[in-house]
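Hydrogens, waters and symmetry mates are skipped; everything else that's a heavy atom, side chains included, is used.
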Amino acid sequence: MAERSPVTQPLWTSDDPPDPVELSPLGWVLVLLRGVPLAILVFGGLFVLLIIRMIEIPLFGVRRPMTPFITQFVCRNAFRILGIGFRSSGTLMQHQGAVVANHTSWLDIFALNARKRVYFVSKAEVANWPGIGWLARATGTVFIERDRKKAREQTKVFEERLTAGHKLLFFPEGTSTDGLRVLHFKSTLFAAFFADELRDFMYVQPVSVVFHAPEGQPDRFYGWWGDMDFGPHLLKTLGAVRQGWVELIYHTPAKVSDFENRKALAAHCEEAVRHAHNLARLP
């Protein structure tokens, strides 16, 4: 799990190279003090989830009335172990539908699951990534292929999950950044929402994810982008003597049928996410 696997689309990169990872002796102690409990939490939670999932599948099929609470418990307590502050504002969507957010880091997954029980939608190749793919499958991630020939099939999957009460979460930027910006939202990821089977009942809730760096550290401290390795970024996060905090801002859900097409809906969500993100980053 040292490097990201090749992807089918360009990754965002910064003109400035990533900051070097430098840990003090205290930092290495913190890596152990935080890393061991975090590993126990994540893999212990995964073990419990898999056991309960064996009961859920025959009784409830695609519905998951119990296991999402395990995922949420793990993600909430991961921030406590890491010492990263967590704040959120806005009202969680009660309608059937999807959540869309900007993407800064692997920490987004913990943050968004900590506040709301969601199921991520990811490109199909992630299912084959060592470690990450296994965790993603276990927690109910929906894997999609960007192939028009399979659009109908994937719409059926979305319909099944949405009608089961699942909130699906997309990262419409299609890549992660340094956390200092919100990229253009790719409207192709919204196309499935306009299928006849989904359009009339579906809502989309935009969410701004804002990371605030530890005092004295670069503003992009938590950003994980381009071809940055996962291991060093994890070590940097575990070994931070001072931690920052993450802020989630939930915006008013948008009804899909109120928009003429996918481009209009994507532009609306992008504007909501970017505006709040920029305001939250002001000194």
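- Summarising the hydrophobic clusters (Ile, Leu, Val, Met, Phe, Trp, Tyr; side-chain heavy atoms under 4.5 Å, direct or chained), the residues clustered with Val36 are Ile40.
- For Glu270, the side chain to side chain donor-acceptor pair (under 3.5 Å) test picks out His184, Arg274, with sequence neighbours left out.
- For residues 260-283, every residue pair satisfying the ring pair (Phe, Tyr, Trp, His ring centres under 6.0 Å) rule, not counting sequence neighbours, is listed here: Phe259-His268.
- Gln205 places no side-chain N or O within 3.5 Å of a backbone atom of Tyr250 that could act as its donor or acceptor partner.
- Ring-plane geometry between Phe171 and His103 is classed as parallel, the angle between the planes falling under 30 degrees on a 0 to 90 degree scale with a further cut at 60.
- Smallest separation of non-hydrogen atoms from Leu189 and Pro172: CD1-CA, 3.5 Å.
- Trp225 has its side chain out of reach of Thr104: every pair of non-hydrogen atoms, C-beta onward, lies at least 4.5 Å apart.
- Under the 4.5 Å side-chain criterion, counting only non-hydrogen atoms from C-beta, Tyr222 is not in contact with Gln217.
- Grouped by direct or indirect side-chain proximity (heavy atoms under 4.5 Å, Ile/Leu/Val/Met/Phe/Trp/Tyr only), Phe47 sits with Ile51, Met54.
- Formation of a donor-acceptor pair under 3.5 Å by the Gln243 side chain with backbone atoms of Thr237 is found in this model.
- Put simply, the side chain of Lys116 reaches to within 4.5 Å of the side chain of Val99, judged on heavy atoms.
- Rounding to the nearest 0.5 Å places SG of Cys269 at 7.0 Å from CZ of Phe185.
- Here the side chain of His233 pairs a donor or acceptor atom with the backbone of Gly223 at under 3.5 angstrom.
- Val121 and Val157 fall within the same hydrophobic cluster, where Ile, Leu, Val, Met, Phe, Trp and Tyr residues are linked whenever their side-chain heavy atoms come under 4.5 Å apart, directly or through other members.
- Annotation: ring-ring contact (aromatic ring centres under 6.0 Å, His included) contacts of Phe193 (sequence neighbours excluded): Phe170, Phe190.
- Residue pairs meeting the ring pair (Phe, Tyr, Trp, His ring centres under 6.0 Å) criterion with at least one partner in residues 73-94, sequence neighbours excluded, are Phe79-Phe86.
- Thr141 places a side-chain N or O within 3.5 Å of a backbone atom of Ala136 that can act as its donor or acceptor partner.
- Hydrophobic clustering (side-chain heavy atoms under 4.5 Å, transitive across Ile, Leu, Val, Met, Phe, Trp, Tyr) keeps Phe158 apart from Val118.
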- Task: Go through the steps to decide whether Phe69 and Arg117 satisfy the test side chain to side chain contact (heavy atoms under 4.5 Å, CB included), and finish with yes or no.
- Result: CA-CA 7 Å; Phe69 291 93; Arg117 293 180 293 281; 3.3 Å; yes
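- In this structure, Ser105 contributes its side chain and Asp108 its backbone to no donor-acceptor pair below 3.5 Å.
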- Message: Evaluate Trp106 against Leu234 for side chain to side chain contact (heavy atoms under 4.5 Å, CB included), listing each step before the verdict.
- Response: CA-CA 9 Å; Trp106 54 272; Leu234 174 62; 3.7 Å; yes
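- Contact detail for Phe211 and Arg281: the closest heavy-atom pair is O-NH1, 3.0 Å.
- Separating the CG atom in Leu32 from the CG atom in Leu238 is a distance of 9.5 Å, to the nearest 0.5 Å.
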- Query: Does the side chain to side chain contact (heavy atoms under 4.5 Å, CB included) test come out yes or no for Asp178 and Trp12, once each step is laid out?
  - Reply: CA-CA 9 Å; Asp178 57 4; Trp12 180 85; 3.5 Å; yes
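- Phe143 pairs by the ring-ring contact (aromatic ring centres under 6.0 Å, His included) definition with nothing, not counting sequence neighbours.
- When all heavy atoms of Leu11 and Asp227 are compared, the closest pair comes out as CD1-N, 4.5 Å.
- In this structure, the side chains of Leu162 and Leu198 come closer than 4.5 Å at one or more pairs of heavy atoms.
- For the residue pair Asn77/Arg80, the side-chain donor-acceptor check at 3.5 Å is satisfied.
- A salt bridge (Lys or Arg N to Asp or Glu O under 4.0 Å) check over residues 234-251, counting only residues at least two apart or in different chains, returns the pairs Glu215-Arg242.
- Trp245 belongs to no hydrophobic cluster with other residues, because no ILVMFWY side-chain heavy atom falls under 4.5 Å from its own, directly or through intermediates.
- Rounded to the nearest 0.5 Å, atoms CG (Leu168) and CZ (Phe120) are 11.0 Å apart.
- Taken to the nearest 0.5 Å, the OG1 atom of Thr188 stands 6.5 Å off from the CZ atom of Arg262.
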- Chi angles and distances behind the side chain to side chain contact (heavy atoms under 4.5 Å, CB included) call for Arg220, Asp19: CA-CA 9 Å; Arg220 60 182 189 168; Asp19 303 303; 3.3 Å; yes
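- Atom CG of Asp196 has 12 or fewer neighbouring heavy atoms from other residues, nucleotides or ligands inside a 6.0 Å radius.
- At a threshold of 4.5 Å between side-chain heavy atoms, the hydrophobic network of Ile, Leu, Val, Met, Phe, Trp and Tyr places Val256 and Met93 in two separate groups.
- Legend: side chain to side chain donor-acceptor pair (under 3.5 Å) pairs involving residues 36-59, not counting sequence neighbours, sorted by first then second residue: Arg53-Glu56, Glu56-Thr67.
- Between Ala78 and Leu38, the closest heavy-atom pair is CB-CD1, 3.7 Å.
- The distance from atom CZ of Arg76 to atom CG of Asn113, rounded to the nearest 0.5 Å, is 10.5 Å.
- The list of side chain to side chain donor-acceptor pair (under 3.5 Å) pairs with a residue in residues 85-98, not counting sequence neighbours, reads Ser88-Arg115.
- Connection of Val210 to Leu279 is not established within any shared hydrophobic cluster, with ILVMFWY side chains joined at heavy-atom distances below 4.5 Å, either directly or through further cluster members.
- For Leu30, the side-chain contact (heavy atoms from CB on, under 4.5 Å) partners two or more places apart in sequence, or in a different chain, are Leu26, Arg34, Val241.
- Minimum heavy-atom separation, Val62 to Ala164: CG1-CB, 3.8 Å.
- Between Phe60 and Met66 the shortest side-chain heavy-atom distance falls below 4.5 Å.
- Side-chain contact between Val100 and Val207 is absent, with no heavy-atom pair separated by less than 4.5 Å.
- To the nearest 0.5 Å, atoms NZ (Lys156) and CD (Glu197) are separated by 4.5 Å.
- Contact of the Leu183 side chain with the Thr175 side chain is registered, since non-hydrogen atoms from C-beta on lie closer than 4.5 Å.
- Linking ILVMFWY residues whenever their side-chain heavy atoms come closer than 4.5 Å, directly or via other members, places Phe110 and Leu112 in the same cluster.
- When all heavy atoms of Met228 and Trp224 are compared, the closest pair comes out as O-NE1, 3.3 Å.
- Annotation: side chain of Leu235 is not in contact with side chain of Pro232 (no heavy-atom distance under 4.5 Å).
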